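Note that the structure is predicted; figures quoted are calculated from it, not measured. Sequence lines set the chain letters: A, B, ... in the order given, protein chains first and strands last, and positions in each chain run from 1.
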Amino acid sequence: MQSTAPSAATSAASGPDFASSYRSHTCGELRAGDAGSQARLAGWVHRRRDHGQLIFLDLRDRYGITQVVIDEGDSPEAHAAATRVRNEFVVAVVGTVARRLPGTENPRLPTGEIEVQAGSITILNESKTPPFYVNEPDAPIDEALRLKYRYLDIRREPLASRLLLRSRLVHAIREVHHAHGFVEIETPNLIKATPEGARDFIVPSRLQPGEVYALPQSPQQLKQLLMVAGVDRYFQIARCFRDEDLRGDRQPEFTQLDLEMSFVDQDAVMDFVETMIVEVSRTTVPDRPIQDVPFPRLSYEEAMTRYGSDKPDLRFGMELVDLGPALRGDDGTPASGFRVFDETLAFGGVVKAIVAPGLAGSSRRETDELVELAVRFGARGLVHMAVEADGGVRTPIAKFLGEGGAERLAAAAGAVAGDLVLVVADRPKVAHDVLGRLRAELGTRLGLADENALAYCWVYGFPMYEWDEDLGRWHATHNPFSGVLPEDEPLLVTASGDPARPSPDDPAGRARAMQYDVVLNGWELGGGSVRIWRRDLLERSLALQGHSFEGMREKFGAMLEAFDYGAPPHGGIALGIDRWAALFSNQTNIREVMAFPKTQSGSDLMLEAPSRPEPEQLAELGLRFVGPKSETAG
RNA sequence: GGACCCGUGGUGUAGCGGCCCAACAUGCCAGCCUGUCACGCUGGAGAUCGCCGGUUCGAAUCCGGUCGGGUCCGCCA
């Protein structure tokens, strides 16, 4: 690896424990103190510098790079081999470690004080010219090419060091959990479909034709059953599968740290998880400061009101400001003069703003782009107000606001000279969401966030249910087994009294869940809950979500049955390992911390998966293709 | 399901209606070179511009479709 990433090999020893006939040392190991000794090295040819009678080879393995010198006068055979060698050939070198001549040391390599004077060079394997530069870590390469030749991409320093970081992360996670009495248990990947949440991946059964397994979206039900089983503290580094459209932070298969604890309340889970996260962070990325310990705990309401997001990036301020008070007259009625604002307020909406520092000088084109962005985020419009150096305010709605009205409004938003105030008037949900997204976008564009900081926080007190307009019923905002805050238990009813006849005005809409998300730098790292562990409450909750009793038996039979045999109070959480590793390595895309990720259309460009099944495979499963894609039908 | 961006020697880019059977860098091949470390010098090979169709006297360049990759909305916790 390159000298720029000394941390890459820190978790393993600097060399292999077991020398072999191929090598006595790794390519990152030899130092000035080894001068005079014999060494056997093996690795890939990183670069060759041919000076005629003298040839230099940079030999690379995961641990580093060591310079090998071949002098034709010392060993004609080695020189002949070195002449034939090309980049990425695999070679074994036997030679003498020697201090470099004064003035020829390379301070950029940890091994730069020495070189190996080759007595013999063996070509273990040749290599075609690689499709991209393996030896230049900064060279830009089309990602599709990197994915097709992933094994060459992993040879390169950047991806290799990220995978090592991820390995250290997972190692730290295991250590902390074992230290706190957690039991690591594997759960099956061939399970039963779950009705809620994402689309399942389906695996047809050969032994039971016509029936299918589903791949787990998470080990949710299984870990709850482990609590009923008395495991008390469980964790797993679990692979999960969801058949939904991909994003930079979403792959069809991904890895979760899944954990569950018995006899806990919400604070107990949050306290352990917070301790665990701090320990893991300090071990894995010791150079990165954690912004606040203990983590700030924001209620959902507070997060939405102040940041317009349930996953706020707390590395910078730019909080949402309520302009309502400034827009009302002395008698409390909306009287700004701008009809959109006044009517929004009169009909129960809000007028809120964020202040973008330094953007007052934005051109028409730039402000238009912000308006367009707001509309794409769901706003009907966006008002901008630029505070100029002399304190005057430039805004398209100046004429409606009256003399000094724009200035008073900008002041109410807390803007100073040079700032651009962005105002959205809408239903609270929409206004918060739009401003929250604008805040995140502008925070990135303006570089407001400290790249090095780790700003963890908790968001809790989510609503239990959201009204589903399309289906005309309630559905769980997280998972259907989340518990309800004890004081909100009476709210788990419909106004009609019949759970089969829900309406958006039901008391259930006000019930808050014992649910909590961990947020890191504006990314949802994970979420969990204290579960409904009493059967009566579980049935009430599921009924509110439109599950009939018969349907419940069908879908959740094992859990319902288990809950008749003494389920302890329990709760847990799941954290996205891919996202965590990506954030730790300052990547915005989880593909950059996965060895073999898939493209946005779900393809593995290296293996060329998915692919057509053999007709015999289909026949064995009793399947055939139908519809427009059926060419192998029959 | 939808919007937008990208696709030119091995790689990364330039060219965006005739000056282009395509330029630059790097890589590759050959030769020379005993202290380099992105070694250097000399010479050479290598792309019909993702694919299909259209517009035009003329297309890498314009239009339509399609395939592949990416970002985003929906979806997803």
Side-chain angles (χ1 to χ4, degrees), chain A residues 2-3 46-59 65-74 79 83 86-88 98 100-109 111-112 115 117 128-149 152 196-200 217-218 220 240-252 254 256 310-311 372-373 375-378 437 441 459 462 466 470 475-480 482 515-519 523-529 573-576 579 588-589 591 598-601 603 605 608:
Chain A
Q2 302 288 292
S3 56
H46 188 69
R47 226 180 271 281
R48 186 177 74 107
R49 291 179 293 281
D50 187 344
H51 289 248
Q53 291 179 60
L54 197 65
I55 297 175
F56 297 95
L57 293 183
D58 289 340
L59 199 62
I65 291 175
T66 299
Q67 174 167 286
V68 177
V69 206
I70 304 98
D71 189 327
E72 189 174 22
D74 293 347
H79 186 270
T83 301
R86 292 295 180 271
N87 282 352
E88 301 310 314
R100 294 197 188 183
L101 301 174
T104 67
E105 301 90 349
N106 186 345
R108 285 180 299 168
L109 286 181
T111 61
E115 63 195 4
Q117 295 171 335
K128 297 210 290 192
T129 301
F132 51 79
Y133 305 99
V134 175
N135 54 14
E136 288 184 17
D138 299 326
I141 308 158
D142 182 63
E143 194 180 354
L145 201 64
R146 291 175 54 206
L147 290 173
K148 180 173 179 185
Y149 297 95
L152 295 179
E196 288 292 300
R199 191 178 293 116
D200 285 314
Q217 296 179 25
S218 77
Q220 183 64 35
C240 306
F241 306 86
R242 289 176 190 162
D243 189 8
E244 295 292 347
D245 288 0
L246 283 73
R247 283 287 192 287
D249 61 350
R250 277 169 16 204
Q251 284 269 314
F254 58 100
Q256 279 188 347
D310 60 0
K311 45 181 180 180
E372 189 187 317
L373 200 60
V375 169
R376 191 143 51 84
F377 291 154
R437 290 179 187 225
E441 175 66 27
V459 178
F462 290 84
E466 263 175 349
D470 298 333
H475 76 265
T477 54
H478 270 64
N479 78 61
S482 289
Q515 236 167 245
Y516 32 80
D517 280 1
V518 192
V519 176
W523 277 31
E524 183 192 331
L525 190 59
S529 63
I573 199 166
L575 304 183
R579 290 182 182 180
T588 55
N589 196 309
R591 291 191 298 272
K598 292 176 177 57
T599 69
Q600 194 156 44
S601 55
S603 299
L605 295 180
E608 298 184 314

Between atom NE2 in His46(A) and atom P in rG27(B), what is the gap in whole Å? 13 Å
Under 3.5 Å, which N/O atoms of the protein pair with N/O atoms of nucleotides 70-74 of chain B?
residue : atom : partner   : partner atom : Å
rG70(B) : OP1  : Gln600(A) : N            : 3.1
rG70(B) : OP2  : Gln600(A) : N            : 2.8
rG70(B) : O3'  : Arg591(A) : NH2          : 3.3
rU71(B) : OP1  : Asn589(A) : ND2          : 2.8
rU71(B) : OP1  : Arg591(A) : NH2          : 3.2
rC72(B) : O2'  : Arg376(A) : NH1          : 3.0
rC73(B) : OP1  : Arg437(A) : NH1          : 3.1
rC73(B) : N4   : Arg247(A) : NH2          : 3.4
rG74(B) : N7   : Arg247(A) : NH2          : 2.8
rG74(B) : O6   : Arg247(A) : NH1          : 2.8
rG74(B) : O6   : Arg247(A) : NH2          : 3.2
rG74(B) : N1   : Asp245(A) : OD2          : 2.6
rG74(B) : N2   : Asp245(A) : OD2          : 3.2

Using the salt bridge (Lys or Arg N to Asp or Glu O under 4.0 Å) criterion, which residues pair with Arg376(A)? Sequence neighbours excluded. none
Suppose we screen for salt bridge (Lys or Arg N to Asp or Glu O under 4.0 Å). Which residues come up paired with Glu441(A), at least two apart in sequence or across chains? Arg445(A)
Could you pull out the protein-nucleic contacts involving nucleotides 65-67 of chain B (nitrogen or oxygen on both sides, under 3.5 Å)?
none

Any side-chain heavy atom of Arg591(A) within less than 4.5 Å of one from Thr599(A)? no
The criterion is side chain to side chain contact (heavy atoms under 4.5 Å, CB included); which residues satisfy it with Asp74(A), sequence neighbours excluded? Asp71(A)
Which residues pass the salt bridge (Lys or Arg N to Asp or Glu O under 4.0 Å) test with Asp50(A), sequence neighbours left out? Arg48(A)
Sorted by chain and number, sequence neighbours left out, side chain to side chain contact (heavy atoms under 4.5 Å, CB included) with Arg579(A) holds for Asp249(A), Arg250(A), Trp523(A), Glu524(A), Leu525(A), Ile590(A)
Partners meeting salt bridge (Lys or Arg N to Asp or Glu O under 4.0 Å) with Glu244(A) (sequence neighbours left out): Arg199(A)
Going by side chain to side chain contact (heavy atoms under 4.5 Å, CB included), name the residues that satisfy it together with Gln53(A), two or more places apart in sequence or in a different chain. Glu72(A)
From CG of Asp50(A) over to C1' of rG40(B), roughly how many Å is that when rounded to an integer? 11 Å
Just to be sure I understand the rule, does Glu115(A) reach a base, reach only the sugar-phosphate, or reach nothing, if contact means heavy atoms closer than 4.0 Å? base
Protein-nucleic acid N or O pairs under 3.5 Å, nucleotides 5-11 of chain B:
residue : atom : partner   : partner atom : Å
rG10(B) : O2'  : Pro131(A) : O            : 3.2
rG10(B) : N2   : Tyr133(A) : OH           : 2.7
rU11(B) : O4'  : Pro131(A) : O            : 3.4
rU11(B) : O2   : Tyr133(A) : OH           : 3.2

Going by side chain to side chain contact (heavy atoms under 4.5 Å, CB included), name the residues that satisfy it together with Phe241(A), two or more places apart in sequence or in a different chain. Asn189(A), Phe201(A), Leu215(A), Pro216(A), Arg239(A), Glu253(A)
With sugar-phosphate meaning primed atoms plus P, OP1 and OP2, does Asp71(A) contact a base, only sugar-phosphate, or nothing at under 4.0 Å between heavy atoms? base
Can you give me the N/O atom pairs linking the protein to nucleotides 43-47 of chain B at distances under 3.5 Å, or say none if there are none?
none

